[in-house]
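Have a look at the structure below before the remarks.
Nothing fancy with the numbering, it's 1 onward along the sequence. Each ligand, and each atom within it, is numbered from 1 in the order the structure gives.
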Amino acid sequence: MYKINKILIGTHNKGKFKEISDLLPKKIEKISPVELGIESPAETGKTFSENSLLKAKFFYEKSNLVTLSDDSGLEVECLNNEPGIYSSRWADQYGGFDKAMTEILTKVKKVNKGTKARFVSSLTIYIDGGKTITETGKIEGKISEKKGLNGFGYDPIFIPNGYTKTFAEMEYKNKLLIDHRFIAYKKLEKKIKNYIL
Ligand code: ITT
């Protein structure tokens, strides 16, 4: 059985790159699209899994390296699960994450139908020979006032169920080992064990 010793982590998001790097076995060499001068594809999919697959294919075709990509986001129930797949685009649209988080908090207060929310991550690995595997992980929780300075993106406004701290108040390692990306990775790991361990 051939073993993967090098993976392109197909993301331009530094927070995701670090988390995915830390989930993969240490002995696997991790490459960033930034090192290879590869830009991001347009995210034309309608779901996290479609976008994740589209990114993995795009980066594989550009680099010829086994690729692992993520499409993720925050779904807020009272906002019809927005921003969802548009989580990154909301940040661009509102002028950064801080403003996008303020926007979410304002909308959630206005709608006044609770604070239930979840983070979702779809991970796709594109293996030589064109084989792809996609797995999705979700972590349920609630929207909170902005708290904490760790992490990235929408971490300051999300408290997972069973915890009292936002992702941004948690130690990096504690978030890493419970979040949506970890859940998706564990599902994926079962299917690629023979290739990576
Ligand atoms: P790539 O497409 O290059 O991977 P991106 O940041 O555009 O980078 P997405 O399209 O998947 O990635 O957008 C996901 C958004 O959701 C992005 O704004 C993230 O910051 C945010 N997000 C995803 N996972 C998160 C997490 O664990 N904590 C906080 N925010 C997260």
Less than 4.0 angstrom from a charged side-chain N to a carboxylate O is my criterion; do Glu43 and Lys55 meet it? yes
- Query: For ligand 1, is there an atom lying under 4.0 Å from some heavy atom of Phe119?
  - Reply: yes
One finds that the ligand 1 atoms under 4.0 Å from a non-hydrogen atom of Lys175 are 26 (C), 27 (O), 28 (N)
Q. Is a salt bridge present between Lys109 and Glu145, judged by a nitrogen-to-oxygen distance below 4.0 Å?
A. yes
Check: Quick check: are there more than 12 heavy atoms from other residues, nucleotides or ligands sitting under 6.0 Å from NZ of Lys165?
Finding: no
among protein heavy atoms, the one nearest atom 13 (O) of ligand 1 is Ser88 CB, 3.3 Å
The option among Phe59, Phe97, Trp90, Tyr154 carrying the non-hydrogen atom nearest to atom 20 (O) of ligand 1 is Phe97
Atom 6 (O) of ligand 1 sits nearest the protein heavy atom Asn13 ND2, 2.9 Å
- prompt: Does Arg89 have a heavy atom less than 4.0 Å from any atom of ligand 1?
  reply: no
| message | Closer than 4.0 angstrom, basic N to acidic O: yes or no for Lys116 and Glu140? | response | no
Note: ligand 1 atoms sitting under 4.0 Å from heavy atoms of His180 are 24 (N), 25 (C), 26 (C), 27 (O)
Ligand 1 atoms nearer than 4.0 angstrom to some heavy atom of Lys55 are 1 (P), 2 (O), 4 (O), 9 (P), 10 (O), 11 (O), 12 (O)
Open item on the list: Do the side chains of Lys107 and Glu103 get close enough for a salt bridge, i.e. N-O under 4.0 angstrom?
Closed with: yes
Less than 6.0 angstrom from the centroid, inside 45 degrees of the normal: does Lys18 satisfy that with respect to the ring of Tyr172? yes
Margin query: Between Lys138 and Glu75 (salt bridge meaning N to carboxylate O under 4.0 Å), is one present in this structure?
Written below: no
Atoms of ligand 1 under 4.0 Å from any heavy atom of His12, numbered from 1 in the order shown, are 1 (P), 3 (O)
One finds that the ligand 1 atoms under 4.0 Å from a non-hydrogen atom of Gly73 are 16 (O)
Numbered in order shown, the ligand 1 atoms found under 4.0 Å of a heavy atom of Asp71 are 9 (P), 10 (O), 11 (O)
Run the numbers on Thr11 and Asn13 for side-chain hydrogen bond (donor to acceptor under 3.5 Å, both in side chains), then give the verdict. CA-CA 5 Å; Thr11 178; Asn13 180 312; 5.3 Å; no
Per-atom filter on ligand 1: closer than 4.0 angstrom to a heavy atom of Ser87 are 15 (C), 16 (O), 18 (O)
Of all protein heavy atoms, the one nearest atom 9 (P) of ligand 1 is Lys16 NZ, 3.4 Å
